[in-house]
Visitor: 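The structure follows.
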Protein chains: 2
Amino acid sequence: MDKEDQLKLDNQICFPLYSVSRLITKAYKPFLEKMGITYPQYLVLMVLWEHGNLSVNQIGEKLLLNTNTLSPLIKRMAKIDLLNRTRSTEDERSVRVELTEKGKDLKNLASEVPQKLLNRLLSEEVELTDVMLLKNTLDKWITDLTHKSEIKT
Amino acid sequence: MDKEDQLKLDNQICFPLYSVSRLITKAYKPFLEKMGITYPQYLVLMVLWEHGNLSVNQIGEKLLLNTNTLSPLIKRMAKIDLLNRTRSTEDERSVRVELTEKGKDLKNLASEVPQKLLNRLLSEEVELTDVMLLKNTLDKWITDLTHKSEIKT
DNA sequence: CAAAATTATATCGTGCACGATGCAAATATA
DNA sequence: TATATTTGCATCGTGCACGATATAATTTTG
């Protein structure tokens with residue numbers, strides 16, 4: 001593959017990754033809308049369901065997000081009564097995030113989501129082929145990388 | 001895998017996809033900053049380099065983006081003199097997007113990017129393991145899907 | 001112990017994404 | 001041909017992402 005080809009859209013790992021990521025997020029949307037939440041909010045809930053109360057920072061570590069994204073996000077979630085924010089007493093810098101009953105209850109609704117998503121994708125040919133395309137690009141890309149790193153060592 | 005496990009972060013295809021996509025975009029950043037562009041702007045340029053002048057709509061088809069995203073994006077690119085926007089004379093609704101000399105010249109700089117990115121990722125253990133994690137999740141996920149669709153038919 | 005460095009969170013500005021809506025040009029239809 | 005529909009683009013509002021910066025609390029260091 002020459003430099004010209006490498007500049008083509010499908011040959012750069014980033015584009016399939018970027019578009020499939022958006023596609024899958026969109027596939028989640030109808031289910032999340034029923035729960036009244038967005039996709040990043042769903043991620044925060046999943047972390048809290050799994051690990052219990054955490055600080056803003058700890059949530060960020062799990063999701064690879066900084067506070068400049070998380071702070072407003074968590075505040076919006078507090079506004080719709082999914083969680084409470086309280087300053088820690090031992091460390092006044094730290095904000096403890098705690099699920100409300102409403103936040104905890106959503107887990108029941110959410111537990112159906114992964115299955116429903118799979119079923120939905122099975123009936124949507126387009127999305128599935130895009131996912132397969134990503135898989136192929138990713139595989140090729142990883143083969144490339146491994147090959148290169150072997151040469152280096 | 002029961003419903004409880006399915007709700008865990010790493011078992012939902014969306015999260016690795018979402019975080020690796022952001023990770024890779026971030027890896028592109030230093031290279032794109034030298035060119036004075038963002039990642040979505042880089043995508044638009046790649047499309048135009050490959051296909052020549054296109055309408056806003058045609059660009060959207062390649063990138064899977066609607067005009068509510070593309071219109072402002074392309075206007076920003078026009079502002080920094082990467083391209084020109086002209087209403088088509090045959091069809092007054094259509095806007096033709098045409099690279100400026102500056103936009104065309106950027107291709108030379110860009111042609112180095114894919115190689116440099118690979119090298120960068122080879123030296124960044126963290127990002128690489130995340131990519132591998134995505135690959136594994138994706139593989140497992142696709143196996144699941146194929147299995148399910150076989151049962152259905 | 002006081003000054004410096006670190007840490008946890010928050011705010012600001014910019015640029016996406018995207019659903020909803022609007023509008024004018026082009027096309028289809030009665 | 002008048003009307004309805006479709007098409008191409010744009011705008012608006014909301015919610016992320018994220019670099020840069022700020023601030024207060026805590027910890028480290030001289």
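Note that these values count all heavy atoms, side chains included, but never hydrogens, waters or copies made by symmetry. Quick note on labels: first sequence line is chain A, next is B, and so on, each numbered from 1.
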Visitor: Under 3.5 Å, is there an N or O donor on one side and an acceptor on the other linking the side chain of A/T67 and the base of C/dA8?
Guide: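 No, no donor-acceptor pair under 3.5 Å.
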Visitor: Tell me if the NZ atom of A/K62 is crowded by more than 12 foreign heavy atoms within 6.0 Å.
Guide: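 No.
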Visitor: Which one of A/L43, A/L109, A/L106 satisfies the side chain to side chain contact (heavy atoms under 4.5 Å, CB included) criterion with A/I37?
Guide: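 The passing option is A/L106.
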Visitor: Take B/D91 and B/Q41, find for each the nucleotide of DNA chain C with the closest heavy atom, and name the residue whose nucleotide sits nearer the 5' end.
Guide: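 Its nearest nucleotide lies further toward 5', so the answer is B/Q41.
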Visitor: Below 4.0 angstrom, N of the basic side chain to O of the carboxylate: do A/K135 and A/D139 qualify?
Guide: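 Judged by the 4.0 Å cut-off on N to carboxylate O distance, A/K135 and A/D139 do form a salt bridge.
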Visitor: With DNA chain D as reference, determine whether A/R93 or A/L73 sits nearer its 5' end, using the nearest nucleotide of each.
Guide: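 The residue closer to the strand's 5' end, by nearest nucleotide, is A/L73.
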Visitor: What is the ring orientation for A/Y39 with B/Y18, classed by angle as parallel under 30°, tilted 30 to 60°, or perpendicular over 60°?
Guide: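 Perpendicular, since the angle between the ring planes exceeds 60°.
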Visitor: For A/A27 and A/L121, work out which heavy atoms get closest and say how close.
Guide: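 What the structure gives for the nearest pair is CB-CD2, 4.2 Å.
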Visitor: Reading DNA chain D in the 5' to 3' direction, which nucleotide is the first one with an atom under 4.0 Å from a heavy atom of chain B, and which is the last?
Guide: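 Nucleotide range in contact with chain B: D/dT7 to D/dG19.
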Visitor: Does B/K8 have any salt bridge (Lys or Arg N to Asp or Glu O under 4.0 Å) partners at least two apart in sequence or in another chain, and if so, which?
Guide: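 Here the qualifying residues are B/D5.
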Visitor: Grab the N/O contacts between the protein and nucleotides 19-23 of chain C below 3.5 Å, and write none if there aren't any.
Guide:
{"residue": "C/dG19", "atom": "N7", "partner": "B/N68", "partner atom": "ND2", "Å": "2.6"}
{"residue": "C/dG19", "atom": "O6", "partner": "B/N68", "partner atom": "ND2", "Å": "3.0"}

Visitor: What distance do B/I59 atom CD1 and B/L65 atom CG have between them, rounded to the nearest 0.5 Å?
Guide: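 Reported to 0.5 Å precision, the distance equals 10.0 Å.
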Visitor: Could you give the distance from OH (A/Y42) to CG (B/L9), rounded to the nearest 0.5 Å?
Guide: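 Between atom OH of A/Y42 and atom CG of B/L9 there are 9.5 Å.
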Visitor: Indicate yes or no: at least one non-hydrogen side-chain atom of B/T137 is less than 4.5 angstrom from one of B/L17.
Guide: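 Heavy-atom side-chain distance check fails, nothing below 4.5 Å.
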Visitor: B/Q58 near the nucleic acid: base, sugar-phosphate alone, or nothing, with a heavy-atom cut-off under 4.0 Å?
Guide: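 The answer is nothing, as B/Q58 stays clear of every strand by at least 4.0 Å.
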Visitor: What does B/R96 touch in the nucleic acid at a heavy-atom separation under 4.0 angstrom: a base, only the sugar-phosphate, or nothing?
Guide: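 It contacts nothing in the nucleic acid.
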Visitor: When the nearest nucleotide of DNA chain D is assigned to A/T89 and to A/L64 on a heavy-atom basis, which residue is associated with the more 5' position?
Guide: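 Checking each residue's closest nucleotide, the 5'-ward one belongs to A/L64.
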Visitor: Would you mind telling me which residue lines up with the more 5' stretch of DNA chain C, A/R87 or A/Y18, judged by nearest nucleotide?
Guide: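 Between the two, 5'-proximity favours A/R87.
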Visitor: Using a heavy-atom cut-off of 4.0 Å across all strands, would you classify A/S55 as base, sugar-phosphate, or nothing?
Guide: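 Sugar-phosphate, backbone atoms only, no base.
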